[in-house]
Amino acid sequence: MATLVIVESPTKARTIRNFLPSGYQVEASMGHVRDLPQSASEIPEAVKGEKWAQLGVNVDADFEPLYVVPKDKKKIVKQLQDALKSANELILATDEDREGESISWHLLQLLKPKVPIKRMVFHEITKEAIRDALKNCRTIDEQVVRAQETRRILDRLVGYTLSPLLWKKISWGLSAGRVQSVAVRLLVTKERLRRAFHQGSYWDLEAILEQNKSPFESRLVTVAGTKVATGSDFDPNTGNIIQGRNVRLLNETEARDLVTRLTNKPWTVTKIDERPVTRKPSPPFTTSTLQQEANRKLRLSARDTMRTAQSLYEQGYITYMRTDSVHLSDQAIAAARSCVEQMYGSQYLSPKPRQYTTKAKGAQEAHEAIRPAGSSFRTPKDTRLEGRELQVYDLIWKRTVACQMADARQTQITVDLQVEDAGFRSTGKRIDFPGYLRAYVEGSDDPDAALEDQEVILPPLKVGDRPKCKDLEAIGHETQPPARYTEASLVKTLESEGIGRPSTYASIISTIVDRGYAQLTKNALIPTFTAFAVTTLLEKYFPDLVNTGFTAKMEQTLDEISTGEAQWLPYLRKFYLGEKGLDNQVKQRESQIDTAEARTIELENLEAKVRIGKFGAYIELNRDGEQLTASLPQDVTPAELNDSQVELLLKQKTEGPDKLGLHPETEEPIFILNGTYGPYVQLGEVTEENKKPKRASLPKGVNISDVTLEMAVGLLTLPRKLGIHPDTGGKVGAGLGRFGPYVVHDQGKEGKEYRSLKAEDNVLTIELERAVELLAQPKKARNSTRGSTKEALRALGNHPDDGEPVNIYDGPYGPYIKHGKTNAGIPEDQSVEEVTLAIALDLLAAKASTKKSGGRGKKSETTSSGKTSKTASTAKKTTTKKKTSK
DNA sequence: CAGTGAGCGAGCTTCCGCTTGACTT
């Protein structure tokens, strides 16, 4: 008989096994084991008829939740039950936070152990910490469990009452929630600012001066004692100087005149100011700050960062990657300090060990900060890591080490100069002692600020010096609209407002992109028109729920519930029931909200209206009593849509496609059109005998207005034949595909090899020699599904239904074809090389059909529910596809 | 691949947090 210990993660289970005496069995719960039913198929038959069944919470019976074991957790629960049979004691060692406490409670409810139980918590995975924890077990804190349950129910009530309202009033399949709707609103608010933004322009002067043969830069700051206007003097809403600012705005002529007037005049240093500055290293990483830095420095998405961190964690390189704490164990601090001494010397050590305290709202601190694992840190060089994993480990290692290093000492130098009535200023920075900057410089969301830590050298100067002017130039500037959110800055804002948790930052971004609320372009999150419609509705009718402060208030109440100062039931009742409760609010709004109005977005300075239709956003304009409509292409953003764009779209619709000209050889007309998948060119018209004329999409980044006849002719020749490969005799060609321009080497039976073109190549002009060069380069490793570092034996291309890749992999039972989650074996009589995409599709289809009918378990129930869920998921696929293609 | 923008109306879509799966003969 043994003691069964249950933790949340299998990696943790493996580690602590080594720290426990023999006779302890450690198993993982893999997170939550029970939850409210996620979809209709999970609702038990017995309650299906109830009016609260869809909610999964019996709101009329004191909000009694309906818990089910999700399908993917059944196996785990079974394993735990089995493990418990041979145990004489159960220790619940889930994380010490609200969710962890709840997991333990659910485990008790499910496993119903007849043996003694204990609750154990630890924050560090070291032998001492775990032995200590074992001696100090407690019982489950029911109040904390209640707080979690209240949170869970509230989120369900918000999400499952608001979402259906959006289906009715705006569009099918939309969603709303405590977290996602606030995130979407942040994006929309920023986009509105960009739309309201008016550009201002101003000029100033830049001089290159020289003292003792050392050049330095200087910028105009005053003319005749009045400050010269710069960007911050402009009102972004008007593009003019803010009322009441006593500044001098220079235009181009004035700036150039000033250059002429100041040329060859003597310069004098009038004032020098030196100011010492010390800077402290940033605290060690939490989930949120790691995601931000990896996005800024490595351009990784939040999701990719977490995937990489997870892998580092599983390999034992770093501590747990989902944490909101900046706390370091004594052991970690000692390890970091010894790294500093060894690598940089003791003068770089901070005089005292630094321990940071967490400032984030609502932090629960169940784990340490993210740091290299162990009691001595492996330097990045000493690991066998490579690629992305090495980069992320390097980031974590440096950040952790840096936080035990000395402050950086710098001197900020400001030099004022005078020439005639013009005042100039030069600024410099001297790094007196780099301290932690030797190891780590934090990235910034503002690219200009990233330069901040660099030294800016000024020659030694003193008051009265007369530097020579080598160059004087007038420079024009334009004010910039507020930057859109990036993944990094959105995560930063959400965290500082206490919205979302470390385990969810990455998925919040996926959710708002998947639901069609935002698109990620060049690292910027751009809200869609649907996001505008939804946000406008929620702001108008449910302002409290989309307020950034809502979560903070909820968290406060949850804290009170967990300490016993507040009661959960009155809180939920007040929130949901009664006249002012959410239920009633939604019912009232349902009759008040006009559907057509909710689907309409009115934008300032835009004559046309934007409407949300079944197939995405479109514009509508009433002209001469006639309703004109046209679809909005995907790349049109709410901030930039203007009357001339509307005009162009309508013109294309009413007057038919724009004719670019005639093909020089065939004399057929070439049209430029805007389709669902973006702009494209077409050779000839659609007629009875020519139903599918030759078409070609424009390459990314090319606008309709940029297309010349020559380019269109070129695009229509694609795919081009380049010639014969000198080594193999295979055919080499170039074309434009889903992932952009490519070259291809077709060796018949041997299959085709593809390579993407580099930025400097042009698909229309690329020649055989260059193509062969590209084909000789190794294939770029695509980051396939997590963990499976296994490389595909062959890539067959993409599935026509969903565009997902169809690959052949080697498995323990021989090679198999993989498409998404469907695997299909290859018949014995067929070799891997013989399989074409068409054959693969047949095999996959055959596999999918046997899967459907071959359900196991009870006959009638499984087949019927299996069928509905199948149709439901197909239906879902088509709509998401439509939504994303708009 | 390259349009559309209402409808008979069954039953369905949807939330936030924990955690890692991976059914080929």
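Every chain is numbered from 1 and lettered A, B, ... according to where its sequence line falls, protein lines coming before strand lines.
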With syn defined as a glycosidic angle within 90 degrees of 0 and anti as anything else, the base of B:dG21 is syn

Over 60° means perpendicular and under 30° means parallel, so classify the ring planes of A:Phe575 and A:Phe550, tilted if in between. tilted

Can you tell me the distance, in whole Å, between the [atom1] atom of [X] and the [atom2] atom of [N]?
{"X": "A:Asp95", "N": "B:dT20", "atom1": "CG", "atom2": "P", "value": "10 Å"}
{"X": "A:Ile43", "N": "B:dT13", "atom1": "CD1", "atom2": "P", "value": "9 Å"}
{"X": "A:Arg599", "N": "B:dG5", "atom1": "CZ", "atom2": "P", "value": "13 Å"}
{"X": "A:Leu166", "N": "B:dC15", "atom1": "CG", "atom2": "C1'", "value": "12 Å"}
{"X": "A:Glu314", "N": "B:dT19", "atom1": "CD", "atom2": "C1'", "value": "11 Å"}
{"X": "A:Leu80", "N": "B:dT19", "atom1": "CG", "atom2": "P", "value": "16 Å"}
{"X": "A:His367", "N": "B:dG17", "atom1": "NE2", "atom2": "P", "value": "15 Å"}
{"X": "A:Leu55", "N": "B:dT13", "atom1": "CG", "atom2": "C1'", "value": "14 Å"}

Exercise: do [X] and [Y] side chains pair donor with acceptor under 3.5 Å:
{"X": "A:Gln148", "Y": "A:Arg98", "value": "no"}
{"X": "A:Thr551", "Y": "A:Glu497", "value": "no"}
{"X": "A:Thr323", "Y": "A:Thr286", "value": "no"}

Tell me whether the OP1 or OP2 atom of [N] has a side-chain N or O from [X] closer than 4.0 Å.
{"X": "A:Arg178", "N": "B:dG17", "value": "yes"}
{"X": "A:Thr504", "N": "B:dG17", "value": "yes"}
{"X": "A:Ser175", "N": "B:dC15", "value": "yes"}
{"X": "A:Arg152", "N": "B:dC16", "value": "no"}
{"X": "A:Arg307", "N": "B:dT19", "value": "no"}
{"X": "A:Lys71", "N": "B:dC23", "value": "no"}
{"X": "A:Gln310", "N": "B:dT20", "value": "yes"}
{"X": "A:Ser503", "N": "B:dC18", "value": "yes"}
{"X": "A:Thr629", "N": "B:dT4", "value": "no"}
{"X": "A:Gln54", "N": "B:dT14", "value": "no"}
{"X": "A:Gln682", "N": "B:dA2", "value": "no"}
{"X": "A:Arg156", "N": "B:dC16", "value": "no"}

Please tell me which of A:Thr551 and A:Ser163 maps to the more 5' nucleotide of DNA chain B, matching each residue to the nucleotide holding its nearest heavy atom. A:Ser163

side-chain hydrogen bond (donor to acceptor under 3.5 Å, both in side chains) for A:Arg185 and A:Thr535? Distances and angles first, verdict last. CA-CA 6 Å; A:Arg185 187 181 179 208; A:Thr535 299; over 6 Å; no

Need one value for [X]: base, sugar-phosphate or nothing, where a base atom within 4.0 Å counts as base even if backbone is also close, heavy atoms only.
{"X": "A:Arg151", "answer": "base"}
{"X": "A:Asp35", "answer": "base"}
{"X": "A:Gly613", "answer": "base"}
{"X": "A:Gly500", "answer": "sugar-phosphate"}
{"X": "A:Ala28", "answer": "nothing"}
{"X": "A:Gln38", "answer": "base"}
{"X": "A:Val179", "answer": "sugar-phosphate"}
{"X": "A:Thr511", "answer": "sugar-phosphate"}

Could you tell me whether the side-chain ring of A:Phe615 sits stacked on the base of B:dG3, using a centroid cut-off under 5.5 Å and a plane angle under 30°? no

Would you call A:Tyr160 stacked on B:dC15, i.e. ring centres under 5.5 Å apart with the planes less than 30° off parallel? no

Nearest to the side chain of A:Gln180 - B:dT13, B:dC15, B:dG7? B:dC15

Looking only at B:dG5, B:dT13, B:dT19, the nucleotide nearest the A:Tyr618 side chain is B:dG5

Show your working on side-chain hydrogen bond (donor to acceptor under 3.5 Å, both in side chains) between A:Gln315 and A:Ser311 and close with a plain yes or no. CA-CA 6 Å; A:Gln315 295 173 71; A:Ser311 167; 2.9 Å; yes

Taking only Watson-Crick and G-U wobble pairs with both distances under 3.5 Å, what dot-bracket line describes DNA chain B, where [ ] shows pairs that cross earlier ones and | shows pairs with another strand? .........................

Indicate, yes or no, whether a donor-acceptor pair under 3.5 Å links the base of B:dG3 to the side chain of A:Ser631. no

Confirm from the modelled atom types if A:Arg501 and B:dC18 form a donor-acceptor pair under 3.5 Å, side chain to base only. no

Worked verdict on A:Arg152 versus A:Glu149 for salt bridge (charged side-chain N to carboxylate O under 4.0 Å, His left out): CA-CA 5 Å; A:Arg152 181 69 191 90; A:Glu149 191 165 63; over 6 Å; no

C1' atom, B:dT13 versus B:dG9: distance in rounded Å? 16 Å

Shortest non-hydrogen pair, A:Tyr517 vs A:Ala531, comes out as O-CB, 3.3 Å

Minimum-distance pair of heavy atoms, taken over all atoms of A:His367 and A:Arg322: CD2-O, 3.6 Å

List the steps, then state whether side-chain hydrogen bond (donor to acceptor under 3.5 Å, both in side chains) holds for A:Ser9 with A:Tyr320. CA-CA 10 Å; A:Ser9 119; A:Tyr320 195 59; 5.9 Å; no

